Amino acid sequence: MTKSGEESSEGSKSSPPKIESNSPFFLGPQDRLGDFITPTRLHGDNYDDWAGDIQTALEARRKFGFLDGTITGPVPPCTTSDWLTINAMLVSWIMNTIEPEVKCYLSKYRDENKLWDTLKSRYAIVNGPRIQQLKASIAKCEQSRTVPVAEYFGKLTALWEELYKHEPIINCECCTECTAGARHETRRDTYMLNKFLMGLCSEYFSTLRTSILSQDPLPSLDKAFQLVVQDE
């Protein structure tokens, strides 16, 4: 082999592997410190909405694992320097979505996971009275003769979404085979289907309601809504 060939071979061997664009450790030219990843701003009493939008924005960038503890350290080809860069970028993105009156009470964070946990413990307040109000509103929510099905369904869905931000699905981590979370979700889906159907105006939909509830297995909530709208 010639000298130039040997130098070329040595150079190729010393080149560090690249971080692929589908890796959570990847940062591209479009990722900048000043980015506003969501228009929602944390101002103290809107934590649930803000946190949900942050999660969506970071999941779209494959970065939410840094906040929820799934990713705990650099994995080759990510280096320690890459890891520190990603940490700084995430802290910047989160801080950019916080209103100044909230930001002034926060310490300087270099670890995005600690920042995320601090914000959650400080502002994610479980409001017991509000939970009871939501459950009462859901129980009373019914379709009157003059209300379209879509409007009734939309109101019911909005109440459920707010309630389940306060009372999320129960997930058990006792073992990898545990099905408690899936069973809880199935039970909740069945409850929502029954509530939607039983709240329909009986004068118009009693026959269809009985027909849907007689199906085995039961249809999904979205499928049931579709059937009712078609009948309407």
Side-chain angles (χ1 to χ4, degrees), residues 37-43 45-62 64-65 68 70 97 120 123-174 176-232:
I37 60 174
T38 170
T40 307
R41 299 288 178 267
L42 177 64
H43 50 71
D45 58 356
N46 68 330
Y47 174 83
D48 288 341
D49 290 337
W50 172 83
D53 289 347
I54 289 289
Q55 180 173 347
T56 299
L58 291 183
E59 284 177 342
R61 292 168 169 79
R62 307 176 192 271
F64 189 67
D68 68 5
T70 304
T97 66
K120 182 177 182 179
Y123 296 106
I125 300 173
V126 177
N127 191 328
R130 180 55 181 162
I131 290 175
Q132 295 309 312
Q133 288 178 349
L134 289 167
K135 289 183 176 179
S137 297
I138 290 170
K140 296 176 183 177
C141 187
E142 295 181 349
Q143 180 203 18
S144 66
R145 296 181 60 186
T146 57
V147 173
V149 172
E151 183 178 335
Y152 158 64
F153 183 74
K155 180 179 179 181
L156 195 54
T157 300
L159 291 169
W160 279 329
E161 287 179 352
E162 184 178 352
L163 175 62
Y164 295 143
K165 285 180 181 178
H166 294 289
E167 292 187 334
I169 290 289
I170 297 173
N171 286 313
C172 178
E173 299 179 353
C174 63
T176 56
E177 292 80 19
C178 183
T179 60
R183 283 157 47 200
H184 182 213
E185 185 173 8
T186 299
R187 180 177 295 181
R188 192 176 75 174
D189 290 346
T190 301
Y191 155 74
M192 292 168 66
L193 173 64
N194 279 276
K195 171 56 193 169
F196 165 65
L197 292 174
M198 297 310 296
L200 290 169
C201 179
S202 296
E203 182 177 345
Y204 300 140
F205 299 109
S206 59
T207 301
L208 179 61
R209 176 170 57 205
T210 300
S211 174
I212 294 175
L213 289 173
S214 299
Q215 295 182 27
D216 186 16
L218 289 170
S220 67
L221 177 63
D222 288 338
K223 180 61 177 178
F225 170 68
Q226 184 183 56
L227 293 171
V228 174
V229 169
Q230 288 175 350
D231 188 76
E232 181 184 38

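Please read these numbers as outputs of a predicted model, since none were measured by experiment.
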Over all heavy atoms of both residues, which pair between Lys120 and Tyr47 is shortest? Give the atoms and the distance, please. CB-OH, 3.2 Å
Please list all pairs meeting ring-ring contact (aromatic ring centres under 6.0 Å, His included) that have one or both residues in residues 200-232, counting only residues at least two apart or in different chains. Phe153-Phe225
Within the distance-only criterion (no hydrogens, no angle test), does the side chain of Ser211 pair as donor or acceptor with the backbone N or O of Thr207 below 3.5 angstrom? no
From Tyr123 atom OH to Asn46 atom CG, the distance as rounded to the nearest 0.5 Å: 10.5 Å
Ser202 versus Arg209: any side-chain heavy-atom pair under 4.5 Å? yes
What are the two closest non-hydrogen atoms of Ser144 and Cys201, and how far apart are they? O-CB, 4.4 Å
Contact check, side chains of Leu200 and Tyr152, non-hydrogen atoms, under 4.5 Å: yes
Donor-acceptor under 3.5 Å (Asp49 side chain, Thr40 main chain): no
Any donor and acceptor pair, going by atom type alone, linking the side chain of Gln132 with main-chain N or O of Ala136 inside 3.5 Å? no
Which residues pass the side chain to side chain contact (heavy atoms under 4.5 Å, CB included) test with Asp68, sequence neighbours left out? Phe64, Thr70
By side chain to side chain contact (heavy atoms under 4.5 Å, CB included), Arg62 pairs with (sequence neighbours left out) Asn22, Pro24
Is there a side-chain contact between Tyr164 and Leu159 (heavy atoms, below 4.5 Å)? no
What distance separates Thr38 OG1 from Gln55 CD, expressed to the nearest 0.5 Å? 12.0 Å
CD/Glu162 to OG1/Thr157 distance, rounded to the nearest 0.5 angstrom? 13.0 Å
Please list all pairs meeting side-chain hydrogen bond (donor to acceptor under 3.5 Å, both in side chains) that have one or both residues in residues 213-226, counting only residues at least two apart or in different chains. Lys223-Gln226
Walk me through it: do Arg61 and Ile37 pass the test side-chain contact (heavy atoms from CB on, under 4.5 Å)? CA-CA 10 Å; Arg61 292 168 169 79; Ile37 60 174; 3.8 Å; yes
What side-chain donor-acceptor pairs closer than 3.5 Å can you find for residues 189-197, not counting sequence neighbours?
residue : atom : partner : partner atom : Å
Thr190  : OG1  : Thr186  : O            : 3.0
Asn194  : ND2  : Thr190  : O            : 2.8
Lys195  : NZ   : Ile138  : O            : 3.1
Lys195  : NZ   : Ala139  : O            : 3.2
Lys195  : NZ   : Cys141  : O            : 3.1

Answer yes or no: is there a side-chain heavy-atom contact under 4.5 Å between Val228 and Ile212? yes
Is there a side-chain contact between Leu163 and Arg130 (heavy atoms, below 4.5 Å)? no
What salt bridge (charged side-chain N to carboxylate O under 4.0 Å, His left out) pairs are there with at least one residue in residues 147-159, not counting sequence neighbours? none
Hey, are Lys135 and Glu167 close enough for a salt bridge, meaning a charged N less than 4.0 Å from a carboxylate O? yes
Evaluate side-chain contact (heavy atoms from CB on, under 4.5 Å) for Thr97 paired with Leu42, printing each intermediate quantity in order. CA-CA 6 Å; Thr97 66; Leu42 177 64; 5.6 Å; no
Under a 3.5 Å distance rule, please check whether Glu232 uses its side chain to pair with a backbone N or O of Val149 as donor and acceptor. yes
